[in-house]
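Down below is the structure, laid out as C-alpha cells.
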Amino acid sequence: MTDQKDPHEPKEAAPESPVTTRRGIRSFVLRQGRMTEGQKKAYERSWPKYGLTREDGMIDPREVFGREAMLNLEIGFGMGGSLADMAEAAPEQDFIGVEVHLPGVGALLKEVEDRGLENVRVYSIDANDVIDLCLPDACLDRVMVFFPDPWHKKKHHKRRLIQHEFVQRIRHKLRVGGILHLATDWENYSEHMMEVMSESEGFANTQDNGAFSPRPDDRPITKFEKRGERLGHGVWIYCFTALTDSGSR
C-alpha cells in the first residue's frame, strides 16, 4: 500500500524544489533564521491556500483569485507589513508577493490571517523564476521593488536586482500603461536605477526630465524607509510606465 500525501500538507520549497533554478550570480543571500511559533503556525495553516509554487506552472490570475482585477506584484516584501497594508486598503485589487526568506513568508501569512485578506498570494522562490516560469505576459498592472539589497560594495554591484536584462523581462509581464515602481534609501543605488531605466527600451519616467517620483499615496511607509529617515538617509523613488507590450520583442 502506497503512502497517501496529506492534501493539507504545506507546499514547501523542498530540496527537490530549489529556491532558484537559475545558475550564476544571485541578487539575494538566503538568511533564513528561524520562524517564530506564530509565523510557523500561520505558514502551516495558510500556505496551502495562499501559497503558489514553481510546480504550479504558468498561472491564470483570474483562476487564482477567482476574478479579474488590477494585479500587483511585489518583489522582496520582507516581513510583509506594507504588502498587507496595501492589500487591506485596496480589496478591489489583487496582490502577489515574492520573498525567499521563510520568516517573512510566515509573517505575511499571519497578517493575511489576522486581517482576513483574500486578495494576496505568495511565492517563496527566486523572483526570476516567478517571472520566467509562472506569470503570463502582459498580466501585471504594477510591479513594485521596494528597498532591494543595495549591494553597496562596487565589486558586488553586479548582484543588484535592477539590471537591464531584468527590467526588460519585467516589461514583458506588464500591460501597456503598467507601472514599475522602484524605491531605495541608498543614493548610489538610486543613480544605478536611473541609469538602468534611462537606457531600458519600452519605459518612460512618469516625471519630467528624469526626476524622482513623490511617494504614491497608496504606498505605506516601510520599515526601511523609517530606518532611513532615522539614520538621516534620503529615499529615492521612481515610477516608470511600460510603453510597449510583450509582442514587441
Evaluate the side-chain proximity of [Y] to [X]: yes if any heavy-atom separation is below 4.5 Å, no if none is.
| X | Y | answer |
| --- | --- | --- |
| M193 | P148 | yes |
| K173 | D137 | yes |
| R121 | I59 | no |
| C134 | Y123 | yes |
| M194 | Y238 | yes |
| D141 | R175 | yes |
| Q168 | R171 | yes |
| F203 | L180 | yes |

Where do [X] and [Y] come nearest, in terms of heavy atoms and distance?
| X | Y | answer |
| --- | --- | --- |
| S46 | E113 | OG-OE2, 2.5 Å |
| C139 | P61 | CB-CG, 4.4 Å |
| I75 | A127 | CG2-CB, 3.6 Å |
| W47 | V105 | CZ3-CG1, 3.9 Å |
| T206 | S213 | OG1-OG, 3.6 Å |
| M79 | P103 | CE-O, 3.8 Å |

* Angle class for the H192/Y189 ring planes (parallel below 30°, perpendicular above 60°, tilted otherwise)? -> tilted
* Run the salt-bridge test on K49 and E118 with the 4.0 Å N-O cut-off and return the result as yes or no. =>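 Salt bridge between K49 and E118, a charged N being under 4.0 Å from a carboxylate O: yes.
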* To do: Determine, for R67 against D94, whether the closest basic-nitrogen to carboxylate-oxygen distance falls under 4.0 angstrom.
  => yes
* Listed by chain and number, what are the salt bridge (charged side-chain N to carboxylate O under 4.0 Å, His left out) partners of E88, not counting sequence neighbours? ->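 Expected list: R115.
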Single-linkage hydrophobic cluster, 4.5 Å side-chain cutoff, [X] and [Y] together:
| X | Y | answer |
| --- | --- | --- |
| L108 | Y50 | yes |
| M70 | V145 | no |
| F65 | V98 | yes |
| L182 | I179 | no |

* Below 6.0 angstrom between ring centroids: does that apply to H181 and F240? ->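 Centroid separation for H181 and F240: 6.0 Å or greater.
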* Please report the C-alpha distance between F146 and E74 in whole Å, then the side-chain angles of each, then the deciding distance to 0.1 Å, and finally whether the side-chain contact (heavy atoms from CB on, under 4.5 Å) criterion is met. => CA-CA 8 Å; F146 299 150; E74 182 175 3; 3.6 Å; yes
Separation between [atom1] of [X] and [atom2] of [Y], rounded to the nearest 0.5 Å:
| X | Y | atom1 | atom2 | value |
| --- | --- | --- | --- | --- |
| N205 | M197 | CG | CE | 8.5 Å |
| L135 | D60 | CG | CG | 11.5 Å |
| L133 | T53 | CG | OG1 | 11.0 Å |
| I125 | L52 | CD1 | CG | 9.0 Å |
| R142 | L140 | CZ | CG | 11.0 Å |
| Q39 | T36 | CD | OG1 | 3.5 Å |

For the backbone of [Y] and the side chain of [X], can you confirm whether one donor and one acceptor N or O come within less than 3.5 Å of each other?
| X | Y | answer |
| --- | --- | --- |
| D126 | V100 | no |
| R160 | D149 | no |
| E99 | H101 | yes |

* Side-chain donor-acceptor contact under 3.5 Å, N72 with Q93 -> yes
* **side-chain contact (heavy atoms from CB on, under 4.5 Å) assessment of F95 paired with L71** => CA-CA 6 Å; F95 295 81; L71 184 59; over 6 Å; no
* Under the side-chain contact (heavy atoms from CB on, under 4.5 Å) rule, what do L102 and S124 come out as? Steps first, then yes or no, please. => CA-CA 7 Å; L102 286 180; S124 187; 3.5 Å; yes
* To do: Start with the C-alpha gap between L243 and V176, add the side-chain angles, then the distance that decides, and say whether side-chain contact (heavy atoms from CB on, under 4.5 Å) holds.
  => CA-CA 5 Å; L243 300 178; V176 174; over 6 Å; no
